[in-house]
Participant: 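The structure follows.
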2 protein chains.
Amino acid sequence: MPRIRHKSLDCSPGCVVEGALALIGGKWKGVVLYHLLQEEVLRFNEIRRRLPNVTPRMLTAQLRELEADGFVERKVYPEVPPKVEYRLTRHGMSLAPVIAALKAWGDAHIDLEARVKPSAKKKAA
Amino acid sequence: MPRIRHKSLDCSPGCVVEGALALIGGKWKGVVLYHLLQEEVLRFNEIRRRLPNVTPRMLTAQLRELEADGFVERKVYPEVPPKVEYRLTRHGMSLAPVIAALKAWGDAHIDLEARVKPSAKKKAA
DNA sequence: GCTTATAGTACCTAAAATGATACTGTGAAA
DNA sequence: TTTCACAGTATCATTTTAGGTACTATAAGC
């Protein structure tokens, strides 16, 4: 997904829309937020199991960005084997209506069986 | 923004969230949709003027994708100089609650003066 | 005759974002 | 003793996305 990173956000008033999208627009951020909204607390591999196609590299990256943006909190237990819990911060929870709107729209308009979206132009194999 | 394009969307139920994000996650799609929701009809250069930093190349690309995804309708008038109108389709209008949620969240949580977002890691110049 | 506006296109490049694969150290379970 | 799970890293390559600049045709306005 395109990270939106204009130096100047001078496309007001609509640009907060872009700004919001930039924050949750990582390839897996939406689902991660969704699951954390559902489950309160999840460990790294618990999230991973819910996202069958994510690589640990990507999941780490997405979680770190969500953490940097203040949406999730990462709690490391000094145990062996390692134990790390992820949960939403208050700021992260404020995204609930956004995620809910996306979910509602998706449920109503996305056909999961048709696994390829129109604009995903793929050359005829 | 990362286009989401897994071959199999088997991360249900949360993955419609990703699916939805993939559709509106182009760098300028959010703002374009926002403005079209506000104004009903806009011509190419009218949109362009509302997005000070967009290049015609990018704007065309975003509009074409929105069109391919069935969100906007492109109406060409066979005139000279050219006249092309863009407006939302019914499908595009169904995104209204999503855009509204993004806008509301952004208005509440994004500081437009602080032009750089936390996760936009930029090396100290 | 020159400039402007319209709605783009073409070509090239740079910068992100994503992906594949292999690997780490430790303790417990088999 | 070998294997497993945990929570990641490291390294590499590929794919996408975005941006820059220049250019098109035509008619109207000056």
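Below, chains carry the letters A, B, ... as their sequence lines are ordered, and counting in each starts from 1.
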Participant: Under 6.0 Å from the NZ atom of A:Lys83, do we count more than 12 heavy atoms belonging to anything else shown?
Facilitator: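 More than 12 within 6.0 Å, yes.
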Participant: Under 4.0 Å from OP1 or OP2 of D:dA7: is there any side-chain N or O of A:Arg49 that close?
Facilitator: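 Negative; the distance criterion is not met.
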Participant: Counting only pairs under 3.5 Å, give me each side-chain donor-acceptor contact of residues 85-96 of chain B, with atom names and distances, residues two or more places apart or in other chains.
Facilitator:
residue : atom : partner  : partner atom : Å
B:Glu85 : OE1  : B:Tyr77  : OH           : 3.0
B:Glu85 : OE1  : B:Arg87  : NH2          : 2.8
B:Tyr86 : OH   : B:Arg74  : NE           : 3.2
B:Thr89 : OG1  : B:Gly70  : O            : 2.5
B:Thr89 : OG1  : B:Phe71  : O            : 3.2
B:Thr89 : OG1  : B:His91  : N            : 3.3
B:Thr89 : OG1  : B:Gly92  : N            : 3.0
B:Ser94 : OG   : A:Trp105 : NE1          : 2.9
B:Ser94 : OG   : B:His91  : O            : 2.5

Participant: Find the distance B:Lys75:NZ to C:dA7:P and express it as a whole number of Å.
Facilitator: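 Distance, rounded to whole Å: 15 Å.
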Participant: Measure from the side chain of A:Arg43, starting at C-beta and using heavy atoms only, and say which of C:dT9, D:dA18, D:dC6 lies closest.
Facilitator: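 In terms of side-chain proximity for A:Arg43, the closest of C:dT9, D:dA18, D:dC6 is D:dC6.
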Participant: B:Leu51 CG to D:dG19 P: how many Å, rounded?
Facilitator: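 Taking atom P of D:dG19 as the reference, CG of B:Leu51 is at 11 Å.
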Participant: Of all residues at least two apart in sequence or in a different chain, which pass the side-chain contact (heavy atoms from CB on, under 4.5 Å) check with B:Ala61?
Facilitator: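 None.
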Participant: Between A:Lys27 and C:dG19, is there a side-chain N or O to OP1/OP2 distance below 4.0 Å?
Facilitator: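 So the side chain of A:Lys27 is within the cut-off, an N or O lying under 4.0 Å from OP1 or OP2 of C:dG19.
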Participant: Where the side chain of A:Thr60 is concerned, which of D:dG8, C:dG19, C:dT9 is the nearest nucleotide?
Facilitator: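 Taking heavy atoms from C-beta onward, the closest nucleotide is D:dG8.
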Participant: From C:dA7, D:dA18, C:dG19, pick the nucleotide closest to the side chain of B:Met58?
Facilitator: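 Comparing C:dA7, D:dA18, C:dG19 against the side chain of B:Met58, the answer is D:dA18.
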Participant: Using the side-chain heavy atoms of A:Thr55, tell me which of these nucleotides is nearest: C:dA20, C:dA7, D:dA18.
Facilitator: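 Of C:dA20, C:dA7, D:dA18, C:dA20 is nearest to the side chain of A:Thr55.
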Participant: Give the rounded distance in Å between these two atoms: CZ of A:Arg48 and C1' of D:dG8.
Facilitator: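 Roughly 9 Å, once rounded to whole Å.
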Participant: Can you find a heavy atom in the side chain of A:Leu102 that is under 4.5 Å from one in the side chain of B:Val98?
Facilitator: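 A:Leu102 vs B:Val98: side chains touch.
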Participant: So what does B:Gln62 touch, heavy atoms closer than 4.0 Å: a base, only the sugar-phosphate, or nothing?
Facilitator: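 Sugar-phosphate contact only - B:Gln62 comes under 4.0 Å of backbone atoms but never of a base.
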Participant: Salt bridge (charged side-chain N to carboxylate O under 4.0 Å, His left out): which pairs involve residues 94-109 of chain A, sequence neighbours left out?
Facilitator: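 Found A:Lys103-A:Asp107.
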Participant: Taking only side-chain N and O atoms of B:Arg64, does any of them lie within less than 4.0 angstrom of OP1 or OP2 on C:dT9?
Facilitator: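 So the side-chain polar atoms of B:Arg64 do come within 4.0 Å of the phosphate oxygens OP1 or OP2 of C:dT9, strictly under.
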Participant: Taking atom C1' of D:dA18 as reference, at what distance in whole Å does atom CG of A:Leu21 sit?
Facilitator: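 It works out to 16 Å between those atoms.
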Participant: Rounded to whole angstrom units, what separation is found between the CD atom of A:Glu79 and the P atom of D:dG8?
Facilitator: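 Nearest whole value for this atom pair: 13 Å.
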Participant: Output the rounded distance in Å from CD (A:Glu46) to P (D:dG8).
Facilitator: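 The answer, rounded to whole Å, is 12 Å.
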Participant: Tell me if the side-chain of B:Arg57 makes a donor-acceptor pair with the base of D:dG20, cut-off 3.5 Å, by modelled atom types.
Facilitator: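 Indeed there is one.
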Participant: Kindly state each residue pair satisfying side chain to side chain donor-acceptor pair (under 3.5 Å) with at least one member in residues 37-46 of chain B, sequence neighbours excluded.
Facilitator: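 Output for this query lists B:Glu39-B:Arg50.
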Participant: Between A:Asn53 (CG) and D:dT15 (P), how many Å, whole number?
Facilitator: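 A:Asn53 atom CG is separated from D:dT15 atom P by 17 Å.
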Participant: Protein-nucleotides 22-30 of chain C N/O pairs closer than 3.5 Å?
Facilitator:
none

Participant: Strictly below 4.0 Å: does B:Arg74 bring a side-chain N or O up to OP1 or OP2 of C:dA7?
Facilitator: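 No.
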Participant: Using a 4.0 Å heavy-atom cut-off, does A:Tyr77 contact any base of the nucleic acid, only the sugar-phosphate backbone, or nothing at all?
Facilitator: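 No contact.
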Participant: Within this structure, what is the CG-to-P distance between B:Leu59 and D:dG20, rounded to whole angstrom?
Facilitator: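 Whole-Å distance recorded here is 14 Å.
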Participant: Among all residues two or more places apart in sequence or in another chain, which pass the side-chain contact (heavy atoms from CB on, under 4.5 Å) test with A:Pro56?
Facilitator: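 Only A:Phe44, A:Arg48 meet the side-chain contact (heavy atoms from CB on, under 4.5 Å) criterion with A:Pro56.
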Participant: Would you check if A:Val54 and A:Val32 make a side-chain contact, meaning some heavy-atom pair closer than 4.5 Å?
Facilitator: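 No; the side chains remain at least 4.5 Å from each other.
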